[in-house]
Amino acid sequence: MDANKRQRYEKISIELTRLAGGRENIQGVAHCATRLRIVLQDNDKADLKAMEDVDLAKGVFVAGDQVQIIFGAGLVNDVYEVFAEYNNMKNMSLSDLKTVANKKMNPLQRIIKALSDVFVDIMPGILAAALLTGLSGVLGNFEIVRENDTLFGINRLINISSGAIFGFLPLAVAYSACKRFGGRPILGIVIGCIMLSNSLADAYAAAQGTVEVTTLHIFGLGVDLVGFQGGIIVALLMGFVTAKLDVFFEKKVPEVIRLLVSPLLTTLVGALLLFTVIGPAGRGLSSGITNALVWMTQNLGVFGYAVFSGLQQLVVITGLHHIFGAIEAQLLADTGRNFINPLMSVAIIAQGGAVLAYLVRHRKNVKVRELCIPSFISVLFGITEPALFGINLRYRFPIIGGCIGGAMGGIVVYMANLAALGFGTTVVPGIALADPAGNGYVNYIIAHSVALAGGFIMTLVLGKFMDKSQEEPAQTETAAAAGTPASEISAAPKASDPAEVQAVPQEEVFFGYAQGQLIPMEEVRDETFANKVLGDGVAVIPDTGKVYAPADGTVMSIFDTKHAVCFASSCGTEILIHIGVDTVSLQGKYFEAHVKDGDAVKKGQLLISFDKENIEKAGFDTVIPMIFTDLEDGRRLEPSAPGKISTDAAAAVIYKD
């Protein structure tokens, strides 16, 4: 990792740890493609509002009892590496984190999360097939493709490739569900094959009455030998049941016969349950959901569409939107058209319009620009979390404007009878899924343009009455240098209890924190310190291996390697004392901490001792910078004159202008 980047990420790590309620409140940490995910013992101890202002963070929200901080693809990997190292949780996997988080979820949250996991695992295949479907439809409209044998043949192969996954989607779902719930994935595939066996009557042909259906009688029950083509919900249920049966028989069957008997029993019992209980129940549930949605479009008309697209992004906030994948798949299987996809798509782009409106209102604010521009780009590809949690929900009125814009787009979807031929992608890529019938591509663009404009205009209007926020001061990026841990780049936060913080005096003196030669910061042989990237300060070339408190205050953080300490004076001034250059690589060797995080200390109290001679023999510079990382406007630093210094002499004075 680049040295400057590491320094910056370490500052982020210390700040996030503090705002999360300290290390003792953090139970687990992992990351996904764009978000740092933290499970806390008590979410009430975390300051989620303040987390939103952490450097590089694009949004913060709680989902499934995980605090999720959006950093973006690529960046989150590096932030996680440093944050996990700082909190001694570097070897925790996302699976481990899910286990921790699941213990805190209620049953409904667990069900929704499980559904999400099932479809996330197979989504790449679904997306590929859906996009190929759209591509085949587009190419089929060109006369040159229809008349040229080669182009026609290629398009035909594309069409075959696109339809394959949808024909076997229940198998894929059964596989993924079995894997998700702890069973052996191959048994999920076996059950999926049974569901689609050619020994069964085709479900679509049976529904049309064009094929004879054989009925068996088992335990007095009539069992129709009909396949489960399009049975997505049945596949979900069977994947769960198969996994639980597999786990059960693996525990109960004696080891000497387990390899043969356990999978046999899992498959046999699973097949019996499929045809006698789960299949009929799943078919009834699937039919009910599909009929309800179709009823809505037929009976509520434009109102039903507007309500759905207007409120869909509120459903995303709750996490319930993950269930739409199963519903869309079932809808496609039953009707061949998916009207939910364009409704969700216009709801998404409307939130993007709200983001643009907020950007226009606060265009001079650097932090707002950093949040809004990448958030809008994400929206164009169907990802709204950065926009929702970074801007729209945070400032309230944009989410309202976005919902109104979504409803307007839903009206256009209804009027144009717009639908999709697949699911899994929206907004710009989603145009490939649009049903081309009735100028579908043109109507898709019109619907999204209306939603985008509606969200933009309504947010501007609402902002005139509801935007009470002041322009935040422009944020300057903190560059950083590397090889040093989080504790060296962020000084301690100010005390949260006003009673514990003294009024800022006209002069605040910071005494010698080490005995030796006081030098200007510019003379430190490290660019990060010498260029004052982390802040202004002073440095000491030590005569002894001891570091003392330069004033009364609180130890906010000591890094695990014990070579740096974050400290806040009793007046709330934040400093960082860093022992040596690049000494993080010693991993704590030769260092000993005499205080711990949260300790209140007095001026001159010993904080850290270190073996100066051995550190120097190892090739490290032992200079000790003291950095004032966050001086407020109106306060200035006056370093003392270079020369010999002791713990009774002033090293620097902060003046209040």
Side-chain angles (χ1 to χ4, degrees), residues 52 58-59 61 296 300-318 320-321 339-365 367-416 418 426-428 430-431 442-472:
E52 295 176 349
K58 297 179 176 65
F61 63 100
M296 183 186 76
L300 298 183
V302 67
F303 177 76
Y305 274 70
V307 169
F308 185 96
S309 58
L311 300 181
Q312 191 269 341
Q313 285 296 293
L314 299 182
V315 178
V316 171
I317 297 168
T318 69
L320 288 168
H321 66 296
F339 65 87
I340 292 179
N341 179 270
L343 288 177
M344 292 194 299
S345 191
V346 295
I348 289 170
I349 195 64
Q351 296 299 326
V355 169
L356 291 181
Y358 191 84
L359 175 61
V360 168
R361 289 188 57 82
H362 298 270
R363 55 190 174 276
K364 295 181 180 180
N365 189 310
K367 181 70 173 179
V368 169
R369 292 203 300 270
E370 289 178 349
L371 285 173
C372 289
I373 294 174
S375 295
F376 179 73
I377 293 173
S378 295
V379 165
L380 293 179
F381 293 92
I383 302 170
T384 53
E385 283 86 350
L388 283 177
F389 300 106
I391 299 106
N392 296 0
L393 270 176
R394 180 179 179 183
Y395 301 108
R396 294 180 177 82
F397 70 92
I399 189 73
I400 301 174
C403 288
I404 296 173
M408 295 167 65
I411 293 173
V412 178
V413 171
Y414 172 81
M415 295 175 64
L418 189 61
T426 50
V427 195
V428 174
I431 192 171
V442 174
N443 291 331
Y444 187 92
I445 295 172
I446 292 173
H448 285 71
S449 299
V450 169
L452 177 68
F456 180 84
I457 294 171
M458 292 308 303
T459 301
L460 284 181
V461 172
L462 292 171
K464 291 183 178 294
F465 306 99
M466 300 175 66
D467 190 2
K468 304 300 181 183
S469 63
Q470 298 295 321
E471 286 281 337
E472 299 174 13

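Quick caveat: nothing in here was measured; it's all calculated off a predicted structure.
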Are the side chains of [Y] and [X] in contact, using a 4.5 Å heavy-atom criterion?
{"X": "Q312", "Y": "C403", "value": "no"}
{"X": "V413", "Y": "V346", "value": "yes"}
{"X": "I431", "Y": "H448", "value": "no"}

Mind listing the closest non-hydrogen atom pair of [X] and [Y] along with its distance?
{"X": "G352", "Y": "V379", "result": "CA-CG1, 3.8 Å"}
{"X": "P398", "Y": "A354", "result": "O-CB, 3.2 Å"}
{"X": "A451", "Y": "G409", "result": "CB-CA, 4.0 Å"}
{"X": "Y444", "Y": "V427", "result": "OH-O, 2.7 Å"}

Looking at F339 versus Y305, is the centre-to-centre ring distance below 6.0 Å? yes
Under a 3.5 Å distance rule, please check whether [X] uses its side chain to pair with a backbone N or O of [Y] as donor and acceptor.
{"X": "N392", "Y": "Q351", "value": "yes"}
{"X": "R369", "Y": "L359", "value": "no"}
{"X": "S345", "Y": "N341", "value": "no"}
{"X": "R361", "Y": "Y358", "value": "no"}
{"X": "S309", "Y": "G406", "value": "yes"}

Spacing of [X] atom [atom1] and [Y] atom [atom2] [to the nearest 0.5 Å]:
{"X": "I445", "Y": "L452", "atom1": "CD1", "atom2": "CG", "answer": "13.0 Å"}
{"X": "M408", "Y": "I457", "atom1": "CE", "atom2": "CD1", "answer": "6.5 Å"}
{"X": "T426", "Y": "I348", "atom1": "OG1", "atom2": "CD1", "answer": "3.5 Å"}

Only counting residues at least two apart or in another chain, list the ones meeting side-chain contact (heavy atoms from CB on, under 4.5 Å) with A357. F456, T459, L460
